[in-house]
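All residue numbers in this chain count up from 1 along the given sequence. Note that this is a predicted model, so its numbers are computed, not measured.
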Amino acid sequence: MKPYDRDALRQGIKVLRQNKPFEVRILGAENDHGGRSQNLSGYFDSADDLLPVLDGLHLRNYRGIYLTQNDLKDGIVARGRNKIGTQIKATADADILRRRWLFIDIDPKRPSGVSATDGEKAHAKAIADLVVDLTKRNGWTEPVIADSGNGYHLFYAIDLEPQSPIVAAILKALAARFDNEHATIDTSVANPSRIIKIPGTWARKGDDDKRSGRIHRMGKILSFPEEIETIAEESLTNLLHSLEDGQNFAGMPTERGGESAPSSPRESVDLDGMTSHLMRYFALPEGVRPETYKDGWRWSLLVCPFDGDHGRSASVFFVDGKWGFHCHHASCRDRHWQDVVDLLQLPLGIFSNAICGVNASTNEKKKGTENFFAKLEPLPPVPMDIFEQDCLNDLVEAIANVLTVPAEMVLLSMATLLGFSLGSRLAISPKRGVFARQNLFSWVFMGAGERKSTTYAALIPPIMAWNQKWLASNASSIINENGTQEGQLAMLRKNHGILGIFSDDARAGLQVLDGRYSDGQSCEGDAVKCYDGNCSISIARKIGGDFQIDNPCMSRLEMVQPDWVQKIGQRSNFFDSGFLSRTIVCIPDPMAGTRNTDGSLKRAFNRFEIPFCLEEFWGMLNTKCLNLFVGSTTAANCTQRILIPLSGAALERWIAYYNRCEGDLLKMKERERSFAVRYPTTVLRIALLRVGLRAAEMAGEPLPADPSTLDFGAATAEDIEAGIRFIEYFRHHHGRFLAAIDDAAPPSLSGHILDLIRRKRGCTTRDLQRSMRDVKMKEIVAACEKLERRPWIQKLPTPKHCGAGRPPSPVYVAIGENGTGPHEGP
């Protein structure tokens with residue numbers, strides 16, 4: 001089957017690009033000569049230049065043929081004019097000159113990796129008609145309407161700066177207005193360099209299965225106006241405002257008539273926010289409105305969370321600052337709010353009666369997950385285009401979709417493991433004497449049953465397999481899970497300063513890091529040195545005598561349940577050592593048990609699998625990097641760094657970001673500042689990751705004995721931009737981490753006592769009373785006992801004598817300070 005229809009392709013490119021250059025990208029291409037599938041790209045001036053090149057490729061198999069929709073900057077086409085190849089650099093957001101289209105992609109909901117049926121496509125058509133009707137009523141002209149093969153595309157002509165946020169805002173607002181259980185508007189297509197399927201080419205998801213009606217179809221332009229008029233920015237803004245106003249639930253009439261009843265007299269209720277959160281976890285009717293109930297509010301549910309056959313018998317209410325649940329069905333008579341919390345694993349920062357009071361239907365507060373999500377802003381969209389290799393970005397999306405796990409968990413895990421695969425020799429240098437090593441520390445906090453281990457198991461196999469081969473000729477494993485700190489240092493010594501610490505259940509590993517060496521010395525400092533790689537680690541321990549580790553480099557990926565957030569917050573040594581400032585934190589929203597608005601589970605079991613070609617690419621890339629950058633490491637060459645410079649544009653962009661971060665520091669709290677001071681360094685590490693992956697992909701077979709002979713080139717402005725997008729996203733997770741710690745902060749008196757003990761490096765109860773003369777001794781003793789139970793402080797075994805006739809007073813010190821030796825976790 002020919003990959004295109006000549007006339008339809010010509011028409012599509014003429015309408016969408018209007019004689020302006022464009023990039024063409026072919027995903028998963030295989031030709032008649034065999035070989036593994038790969039992505040091809042090239043730049044063209046017209047459809048007539050493209051057609052003979054497509055004919056010459058003799059494509060046997062491919063996933064789709066795409067083009068860029070927006071205007072390219074001058075000179076970009078010279079990367080590969082009127083030709084297609086594997087080594088031609090694809091378009092990035094920084095390569096876009098102007099936005100020319102508001103692109104709206106409407107697809108039916110269906111299993112991933114397959115084509116849509118005709119019935120499913122009809123649902124997408126219904127939403128497309130609604131969007132066109134809405135825009136006409138707002139004075140917009142007819143859009144370009146295209147059949148994408150599995151759904152529908154709408155194109156409205158615009159003229160905006162590439163970084164304009166209004167496109168993303170409109171897509172989100174349209175999705176909020178029109179998404180339903182059958183079809184959705186894709187909100188992820190807002191980036192300027194987004195590619196679109198070329199009209200006149202085939203949509204080829206899954207098999208061409210005529211028996212099930214899931215067939216391959218050719219995309220095509222359905223209609224377009226004779227004169228394509230540009231929508232003014234003011235009209236775009238007006239539409240956005242009208243959409244946002246239409247989603248405001250405040251002031252809506254209740255079933256009793258009139259305006260919404262006033263909030264509970266005991267506290268102000270954010271009805272918009274509460275309704276929005278409820279819709280994420282419960283099946284609520286379309287356009288749901290809370291009704292007044294007693295001295296609060298009640299939301300009727302479409303489906304009881306305990307039994308879908310109960311229909312509309314269930315409701316959730318918020319009365320007198322307390323959440324409650326009720327179902328009229330006899331089998332749910334004894335179900336209470338805490339049962340709902342346990343079933344759906346609700347984020348208790350929003351829904352917990354730990355904040356709102358004791359449950360309205362029970363007098364006992366049950367123990368549950370700690371309150372991690374209180375006062376948190378929603379996370380922004382995950383930057384899914386961090387990697388330059390499309391297969392890696394596709395793999396992030398595939399794992400997230402197939403396993404139904406948060407994409408950011410996959411993205412951070414993948415970046416950390418790739419950093420390890422690139423070894424210790426690469427370093428990026430903005431100026432002489434300043435460099436960042438290719439390693440990352442990352443922690444993922446997710447609850448039980450959130451598929452941490454499944455995600456880990458999808459990514460770790462090629463690295464573990466390579467490690468088994470490494471052990472055949474080396475005395476020590478290069479990968480460790482939960483060994484002691486001293487054992488890890490011994491492994492570092494044997495492996496010339498390289499070690500990966502990976503675990504899908506890192507409780508033991510965190511307890512090790514939180515402890516001490518066998519001689520009582522603190523152990524976080526050496527972990528910091530391993531991260532920085534700027535100085536040697538000198539060891540005089542019981543594990544083998546004195547030795548020194550030059551050029552240390554360690555990568556860490558540790559997944560752990562969220563209760564450790566508070567436990568870490570109670571340990572000042574994690575912050576004081578600088579270890580946490582070097583760690584990227586990931587705390588996604590929980591997914592287990594959450595439901596769509598139709599009552600169906602968001603994370604229902606599906607039979608689909610991660611495409612084998614993506615798994616194969618992941619394994620080959622890791623193995624190649626490990627063979628090239630780690631397998632060749634010897635004592636003779638491991639200290640010889642390969643320094644990667646920054647291009648002029650990249651250096652200017654990084655300096656601007658560095659200055660911005662420095663300027664933000666004064667506005668931050670102390671602990672937030674400890675993270676932010678490392679943001680520019682993390683940007684360099686992600687840029688270096690991209691450079692190293694490029695070099696590995698370009699390395700031929702057999703691999704060179706010395707990787708320094710490769711042509712790495714300089715890090716580009718696109719590499720820096722990718723690093724900034726990465727760290728700016730995870731900056732929100734740092735905020736979540738610190739908010740969770742703040743939720744666990746002690747009450748005001750206990751907090752004041754804890755600050756005094758930390759500041760004075762230890763206090764007796766009499767010292768504390770002298771500092772707080774208006775506080776009674778029994779209150780101080782009670783507060784100290786509370787802090788000791790948490791445990792934030794501990795009592796030294798030898799009390800301090802206070803003079804003749806006075807009983808000895810206990811001495812309290814903050815946990816982990818004053819060389820108090822190892823302590824147990826809470």
Can you find a pair of side-chain heavy atoms, one from [X] and one from [Y], that are under 4.5 Å apart?
X	Y	result
Leu236	Ile170	yes
Ile584	Phe726	yes
Trp140	Leu134	no
Tyr62	Leu27	no
Phe675	Val585	yes

Is the side chain of [X] donor-acceptor paired with the backbone N or O of [Y] at a distance under 3.5 Å, no angle test?
X	Y	result
Lys205	Arg63	no
Arg10	Leu51	no
Thr68	Glu23	yes
Gln11	Ala8	no
Ser164	Leu160	no
Ser41	Ile88	yes
Arg99	Pro162	yes
Asn82	Asp45	yes
Thr187	Leu171	no
Lys109	Asn180	yes

Review point. Restricting to pairs with a member in residues 227-243, which pass salt bridge (charged side-chain N to carboxylate O under 4.0 Å, His left out), not counting sequence neighbours?
Key: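 Non-adjacent pairs meeting salt bridge (charged side-chain N to carboxylate O under 4.0 Å, His left out): zero.
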
Quick one: closest heavy-atom pair of [X] and [Y], and the distance?
X	Y	result
Tyr729	Pro380	CE1-O, 3.3 Å
Met384	Ala407	SD-CB, 3.8 Å
Asn70	Ile96	CB-CG2, 3.8 Å

Residues that [X] engages under side chain to side chain donor-acceptor pair (under 3.5 Å), provided they are two or more places apart:
X	result
Thr716	Glu718, Asp719
Arg194	Asn191
Asn238	none
Lys83	none

Notebook entry, point to check: Are Arg217 and Asp147 close enough for a salt bridge, meaning some N to O gap below 4.0 Å?
Noted result: no

query: Are Arg79 and Asp95 close enough for a salt bridge, meaning some N to O gap below 4.0 Å?
result: yes

Residues forming a salt bridge (charged side-chain N to carboxylate O under 4.0 Å, His left out) with [X], sequence neighbours excluded:
X	result
Asp74	none
Asp186	none
Asp385	Arg725

Side chains of Ser46 and Asp49: donor-acceptor distance under 3.5 Å anywhere?
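A pair is found: one side chain offers a donor N or O, the other an acceptor, under 3.5 Å apart.
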
- Message: Any donor-acceptor pair under 3.5 Å linking the side-chain atoms of Ser112 with those of Asn401?
- Response: no

Would a line drawn from the ring center of His734 to the ring center of Tyr679 be shorter than 6.0 Å?
yes

According to ring pair (Phe, Tyr, Trp, His ring centres under 6.0 Å), who are the partners of His123, at least two apart in sequence or on a separate chain?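 Once residues adjacent in sequence are excluded, the partners of His123 under the ring pair (Phe, Tyr, Trp, His ring centres under 6.0 Å) criterion are His182.
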
Point to revise | side chain to side chain donor-acceptor pair (under 3.5 Å) contacts in which one or both residues fall within residues 645-654, not counting sequence neighbours | key: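 Every pair satisfying side chain to side chain donor-acceptor pair (under 3.5 Å) with a residue in residues 645-654: Arg653-Glu721.
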
Identify each donor-acceptor pair in which a side-chain atom of residues 658-666 lies under 3.5 Å from a protein atom, sequence neighbours left out, and give them as a table.
from, atom 1, to, atom 2, distance (Å)
Asn659, ND2, Ile655, O, 3.3
Arg660, NH2, Glu728, OE1, 3.1
Arg660, NH2, Glu728, OE2, 3.4

Verdict with supporting geometry, Tyr156 and Thr230, side chain to side chain donor-acceptor pair (under 3.5 Å) | CA-CA 7 Å; Tyr156 292 89; Thr230 300; over 6 Å; no

Here the ring-ring contact (aromatic ring centres under 6.0 Å, His included) pairs for residues 86-113, sequence neighbours left out, are Trp101-Phe155, Phe103-His153, Phe103-Phe155

* Over 12 non-hydrogen atoms of neighbours within 6.0 angstrom of NZ in Lys14 -> no

Tested for side-chain contact (heavy atoms from CB on, under 4.5 Å) against Arg100, the lone hit among Ile158, Ile228, Asp71 is Asp71

